[in-house]
Structure formats: C-alpha cells, structure tokens
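Remarks on the structure that follows.
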Amino acid sequence: MARIDQSKIRNFCIVAHIDHGKSTLADRLIEKTGLLTSREMQDQVLDNMDLERERGITIKAQTVRIVYKAQDGEEYIFNLIDTPGHVDFNYEVSRALAACDGAILVVDAAQGIEAQTLANVYLALDHDLDVFPVINKIDLPSAEPERVKDEIEDVIGLEAHDAPLISAKNGIGIEDVLEQVVQKIPAPKGDPEGPLQALIFDSLYDSYKGVIVFCRIMEGTIKKGTTVRMMATGAKADVVEVGYFGPGQFIPCEELSAGMVGYFTASIKNVKDTAVGDTVTDLNNPCATPLPGYKKVNSMVYCGMYPADGAKYPDLRDALEKLQLNDAALHYEPETSIALGFGFRCGFLGLLHLEIIQERLEREYNLDLVTTAPGVVYKVYKTNGEVIELTNPSNLPDPSEIEYMEEPIVSAEIMVTTEFIGSIMELCQERRGRYLGMEYMEGTRALLKYELPLNEIIYDFFDALKSRSRGYASFDYELKGYEESKLVKLDILINREEVDALSFIVHADSAYERGRRMCEKLKDEIPRHLFEIPIQAAVGGKIIARETVKAMRKDVLAKCYGGDITRKKKLLEKQKEGKKRMRQIGNVEIPQKAFMSVLKLDDKK
Amino acid sequence: MKELSIYIHIPFCVKKCSYCDFLSFPADDKARAFYVETLLKEIRLEAQQYGSYQVQTVFFGGGTPSLLTVEQMKSIMDCLRENFVLAPEPEISMEANPGTVTAEKLAGFYKAGINRLSIGLQSANDAEMKELGRIHTYDMFLEAYKSAVEAGFFNINVDVMSALPGQSVESYQGTLEKVLSLTPPPKHISAYSLIVEEGTPFGARMEQGLLILPTEEEEREMYELTERMLKKAGYHRYEISNYAMEGFECRHNKTYWVRQNYLGLGLGAASLLENVRMTNESDMTQYAARIEAGVKKAAKEKEVLTMQEQMEETMFLGLRLMEGVSKEEFIKNFGCPMESVYGEVIEKHVKNGLLENGQRVKLTAKGIDVSNFVMADFLL
C-alpha cells in the first residue's frame, strides 16, 4: 500500500482566548469538509464531555482527521488537534502544540487580543509553529476587524493583512481558512524509514482496548506488532492496533509513519505508563534521544475529599480509581480526618481541574462529597535537614522543628483596559503580588506583569479580577518556582475542639484578618445549639479571633392558622433536612458547606 | 355519633395589617354578600356528607368575621343548625376587630348564637398598633370589650402580641397589665410573638433593613414575663401560645392539636376528615365555581395521610399541648407502642432536658422554648 504523501499532510491546532470561538471554528472545518452534515453535528463535536459542553471549555485535547479538496485540485489530510482551553492544563497544551506544525490563531473581532491569546501564541511560537491569524465574529455589531488586524501586527508581530474574516457561528469565510491551512502551514518532515520517535500528546482509557495512546510520529513508522518502549516511564508493550481519528470514532489503519497523527493500543492497563510528553520508540530499533520537553506533571492544588455518608468510602475510592484511569494528572491517597472520618487527599492541576473532578464524582458516580478548602504544596525545611512537601495542613510539623517554609509563586500576566489599571494593581498588592512591569498595548489597553503566590490566586482571584474590571480583565499564569515565605497554620476551634479539616496555611501577615473573617463566616454557618458555642481561630496555640454562636433559647412557631398544618410541617421538614447535612464534631453539628467557608471569605469588606 | 368541629373562614378585612400573611383582603358590600351566599351553599353541600356528625365547636376566623352584618351571621348560623346536628353545649367562637363592632352588632352576634368572642387587641399602646397597621385604638378596644360583656359574652379571649417593632419590655408589660385589669378579666388570653413573614409589608421592610425589632434579650424577657404574669393572675398555659382560666381552654383550638375531625368551610379553609387533609381553593372565582357546580371538597385533590404521617402529626401537633401526647392513645391508634417508633428521639430529648417521659410525653419548660427543634426530630 502506498504511503500517504507527506506534502499532503497538515498538522495544526487552533489557539485562542477563551470564548473567542475556537471550538466553533473546529466544528465548521469538520462540517465544511463533509465529514458530517450539519444535521448530524451536535454542536461542538470536539468537546465531547457533557461538562465541557456546559462550561464551554475544552478540558481534554481532542483530535480529528479531515480530508480537504483544495483549490489546486489536490486532496489534503488535515489533523486538527484541539487543545485544552485553561491555564490548569498548560502542559497538555504545550504537548499538543508540539505535535503540530502550525496553528490557527483565532481572535475575536470585537474584543481583540486578550491575555490568553498572547500566552497561547507565544507558546505556539516557542514550539516553532507557523501561526496565521483569523478574525472571528465579524458579524457582531461591535466588530472592528481592521483595528484587530493592526493590533495583531503591532502586539504579536504576525502578518495579518490577509487574515480571513470569518464568522464560525454562521459559517462565513470557512473556505478561506481551509485554503490558508494548505498554504501557510508547512507539511511535516521526518523519515518514515528512520528509528521510531513519536510524541504522546494525550491518552484515553478504554475498558476493552486498554489505554489508547494519542501520538504524533516524528520519525519512523509504527504498526501492529511493533514492540514499543516509552522512554521516560520505561513501559514496554506490543502494539495491537494503530489508526487515526474520525469524528467521534477511531478508524484502524495499517501503519502510521513520520508526519502522521494517530493512535495506537497495546493492551496497556494504566494511563500512568503513557505519560503525556513521553517519547515512544521501537524497542528493537530505538532512536538516539527522546523528544525534548517531557516533564512529570505535578499537582498544584490539593484538598481533602470525604464522602458525606461515611459508608460510601469504598464507592469514593472506586470512583477515584476509575477517573484516574483516564486522568494521569489526578492524584489521591487515603487520609483520615478526626472531623470527617475516612477520605482522600487529592491533588489537581488547578482549581478548575478540582471542580471538574468534584462535579464528575457527584454527577457520574452519584456521590455526595464534603470537600475541604484547597491548598497548594508548601515546602517545609526542617531543622534536622529534612524537606517535606506539605499537602495537608494537618501534617505541618511543630513550629520548633521548622527552619523555614517556601510557597509556590507564579508569573502572571493580566490584560486590562487602562481605566482599571489602578484597581487591578490594588488587588494584586492585596494578594501579596510583586509588580514586575507594565506594557501598553495600543491606546486603551495594558499588560500588567506580576509575581503572585499561588495560594493567593487559587480561590477567588479570577472572580475578584472580573468584578474589579467589570469583566474586562483577562489573566494567565505559569508556575515560576518556590520562595521562602512567612507562613503559619491557622487552626479553628469549635467549642474548644480543634477541627483538623478546617485548618489552613496562611501568610503570617494576613493570619489575623483571615482568622477573624473565618470565625465570622462560621458563626453564620453553624446553627444555634442548646448551648453556647465558641468559635476561635488560633495560630500556634494562641487565640487570635473569636466569635460565639449563642445558645438557642427560643424556636417556637407561634400561630397555626385555621388548622393549616401543611405549612407547619414544611417548616419542620426544612429544619430536619438541614440537620441531615450536618457533621457531628464533639457535640456540635456543623453543616457540610462550612468546610468550604474559607473559600467564601468575601473579597475586601 | 361521630364528632366534628367546623371552621368558617371570613376572608374580609377593612385593611390588611402590616404583618398579616393570612388569606384576607378588603371587599365591598356586594362581594361580601356574594361570599356569604356561596358559603351557605357550601354548608348545604358538605352537610350531605358530614351532616350526621355531631358538631362540638364552630369557629369563625379571618380576615375579620366581625365585618359580617348581624343578618349575615344569623343566616350562616341558621344554615348550620338546619343542616348539621349541633351538640348540646357547643362552643361557637368568632374573631372580632375592635374597629368593626358596635354594641348593637355584638348583641346581635350573641343572639345569633355566638357564645365565645376573640378580640384582637395585640397591643394597648396606640403607637405600636399604628405601626402594626391596625385600624383601632386602645380606647376603641375598651369600648368593644365593655359592649361585649354587656351583650352577654362571658367567654372572651384577648389576643396580645410581643416582639413588635418599637415595643419595649415596659410597654409590653403595660399591655398585659391592662388586659388583666379588665372587668371582668378575659377568660382566655392568646399571647403570640411576632413572626415576620415574607410577602408582608413587614417582610419587605425587614429585607431593606428598615424594621427595628426588640433585641433577642428583650424578646426573651417579654416571653418570660408573659408566663410569669399570667400564671400569677390565675391563667394556666395549655398550649404554646394560649393561656386560660380553669375550664375555659378553647375547645376548637384543641381539635387541631389532637387531630380530631374538622371541616373547613369558605375560601382557602383546611379540613382534616378521617385522616384525609383537604384544602379549599384560595382563589375566589375557582372556589365559587366549584360550589356552584355542586362539587364536594372530597372530590378534589386531597392528601390521604399514611400511617407514618399520622404518627408524625400526632407527635408534633400533640406536643404543642402542655398535656403532651398520650402513650395509650398512640397504641390505640397505631397498634404499636410509642417507644417502638420514637424511643430513641424521646430518650435523646429527655437527656437534653427538653422532654418529660411518663404516661404521656410532653415538653418541659425548656422544651417549649425550643419546640421546633424537638418536633423536627419526630418526623420520620
């Protein structure tokens, strides 16, 4: 069988700021090339998890092969790799980009360049991709395509005069985009006869076939029977099937050779063996060096997850196990909390990742969860020379054993219209940000650069940013490293008993403020009991704030009217329902949502 | 012969009070006449089914039943007598607003057969009353009380309210003192504390933060004051909010708490008949159309209580009475001892000092104060 001509292959992805229309454009490209009629298309083919569709973001990379008959009369094979659209998944994005030769940059004709546009374009350029822009949403009344073209040329330095003006939503200008893919994105290179060198950019667990490994062949050829070795993890396996990606289905083929994008299966049982970024080679004819850029993905955010009903612990364990089959970035290990019983300490790429897992556990596995406040990974340097990576505040050693602590710091870029610069800078100061500089883009917009502690941005930073810029600010960050910091553990005592699940690590300077607000918040969350309940915040055994839930002295329904019992019963039922969602700690009943209170300490005020 | 209580709803008022979320509204003479006509039809209609029951008590509630003319009241009472069997000594109560009655009217109601009058005073402080949106003054109340006594009413209740906006402990004490010094003193006193409900003018003001209520401590003091003063004056508390002299407990009110049969007539009225709960339409047009069409309430949507619901009601309603719930009755009704269903809950709250456990299960003084907290645990 004749090999597909490399010059007729185009491997590319689409990069954009969130909401600028990346997934919609992908759908139109697929539709236009006739793979599916518009009637068969469910909106946004590539976002195939319910959650993705609901939230309008791509969580996992999706890939599809389409065939396009160009104006030059030739048929081209396009491999479109749709990348995740959130900063939590930056590493996955970078690996997906590495699998491409070029990228389409989608920019909203009304909003212009945003923080993620820049971050993604730079990421694409870092991977030596050829990038061409398209201007989307030109049918909006507020569209300013000419201004946006100028912006792209001035700010990014990309040629934009002939950028296709399109409306992905309404199918305008799609043909132009397809033609430019042929003209502007280079064909892949690589020697099909060389030693196998393939990049893993994603994987998926299938209960029949085992792990389905998504890869880009850089050099050589892979086919059924090849014994492959993953160079970083060392896993070996015999290939059972190779193939490419039809929309929503896998289509087996003979072989995948240099320049092609596709998948293979090899009865691999665990996605951990096929880490994203790893290089696949032929055990019997290995390549000299692995592809650059592999790194082990580390969890950035940790929290405790407990079943609301203690008896559901095995169900939670099974559910986490199943989710992890498909998500190598999810970490979990059993832990016990005095307050919450048996559960798991789980690690995530970021808060969105955490929310996704939480929602999937609740929806797909029908679990009712109690989640403790998320925290980052701190490094604790002990006086005896030992270094601990702390993911659970309860495990913080005694202060006398601690030499110093470090916390993770990110480099952040915030794009904002000039009128809001003041309030955004103020926000960054409050969050212990270090100002690095500011660049004016054109006229009315600026790019602020800050270094911020990760633990200051994982909760509500994004919301605060949006509310202080009336929704105009956009934000992107990447982990920079660890820095020494004055950190303390804030403990919460309820009725004089320390509640381990409520402890969190905080910068010493904000301990008093956070402790005070935490007590206030808990005072509102905890219902009155028959006795008075003190709520205290303490650092190192010293009480720094206190509130009191007064004793319930009166809870009477005065009048029942004309024998209308239903109303009274409803009231009692509500009261009883409330009691059910409580956790008993000592002799105090604490509502489950109180464990997330630390997240809801209002911004300012 | 089976026994029955009848509740009759009169949904009219001169003007809605600021705290009221009951089914009531102002209406003109024509609308009131039409309503009474419909009510008479409903009495005849339901009598086809329940006419053989012996009526122990009748209660006219509202709204403001005293807005009815004497003739209207007489026609309703006559209709009841013609269609139902009244017990030899029935208790027949009506609610009255001091701003709507005259000496003649009260005399007329008495003659029509009303033998218990419940007068809504709420407060003896005119400023507080104005705040509540009441249409009468304390002087008007005194006048009405005097006329009622002269008209022959012996069994009179007075409603008072605590925890009102702008009310001090002293002024509440003043109200109680004034009520206790009436001649003759009322046989029954209902003492409620204000509950601000959503959808009332008070509810709206509360949301805007414009309703200044007594502090928790003050409210607490008023609550304790009530029991202390009324006890000293010879009243005993027989239900959470109700106090009576010996032999003057409101028989009608008690039927709700012990779950005896009651038939609710009129707009929005609720019934409990042989463990089935039914509620009349609260929309006038729909209600009138059904009565006109001769459709009985039993033919409408209704709630047939399961054994479990009956047990729950027995407990949470029965506990409102100071005498509590009888264990013997429980076995008789449900065929199993109360402990087999509620043993754990009872034990828990006995330990908390909120329940007393004997032949009957009842709330302790402390338990009364937090009765909702206790009752919620009796839902299965």
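Chain naming here is simple, since letters A, B, ... match the order of the sequence lines and numbering starts at 1 in each. Nothing here was measured: the structure is a model prediction, and the numbers come from that model.
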Distance in Å, [X] [atom1] paired with [Y] [atom2], rounded so as to fall on 0.5 Å steps:
{"X": "B:Glu309", "Y": "A:Ile565", "atom1": "CD", "atom2": "CD1", "value": "13.0 Å"}
{"X": "A:Leu530", "Y": "B:His349", "atom1": "CG", "atom2": "NE2", "value": "8.0 Å"}
{"X": "B:Glu313", "Y": "A:Lys569", "atom1": "CD", "atom2": "NZ", "value": "6.0 Å"}
{"X": "B:Asn372", "Y": "A:Met552", "atom1": "CG", "atom2": "CE", "value": "9.5 Å"}

ask   = Considering residues at least two apart in sequence or located in another chain, which fulfil the side-chain contact (heavy atoms from CB on, under 4.5 Å) criterion with B:Asn275?
value =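 B:Arg259, B:Leu305, B:Gln310.
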Is [X] close to chain A through its backbone or its side chain, or both, or neither, when contacts mean heavy atoms under 4.5 Å?
{"X": "B:Leu272", "answer": "neither"}
{"X": "B:Ile368", "answer": "backbone"}
{"X": "B:Ile8", "answer": "neither"}

Would you indicate whether [X], at its atom [atom1], is surrounded by more than 12 heavy atoms from other residues, nucleotides or ligands within a distance under 6.0 Å?
{"X": "A:Phe342", "atom1": "CZ", "result": "no"}
{"X": "B:Glu217", "atom1": "CD", "result": "yes"}
{"X": "A:Tyr365", "atom1": "OH", "result": "yes"}
{"X": "B:Glu301", "atom1": "CD", "result": "no"}
{"X": "B:Glu274", "atom1": "CD", "result": "yes"}

query = What residue, out of B:Phe378, B:Phe316, B:Phe59, has the most heavy-atom pairs lying under 4.5 Å from chain A?
reply =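 Looking at each of B:Phe378, B:Phe316, B:Phe59 in turn, B:Phe316 comes out on top.
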Nearest heavy-atom neighbours spanning A:Lys576 and B:Ala376 =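 Smallest interatomic distance, heavy atoms only, reads CD-O, 3.7 Å.
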query = Step by step, would you call B:Arg320 with A:Lys568 a side-chain contact (heavy atoms from CB on, under 4.5 Å)?
reply = CA-CA 12 Å; B:Arg320 282 190 72 95; A:Lys568 180 173 172 67; 3.7 Å; yes
query = Is it the side chain or the backbone of A:Lys550 that comes within 4.5 Å of chain B heavy atoms, both, or neither?
reply =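 Only the side chain of A:Lys550 comes within 4.5 Å of chain B.
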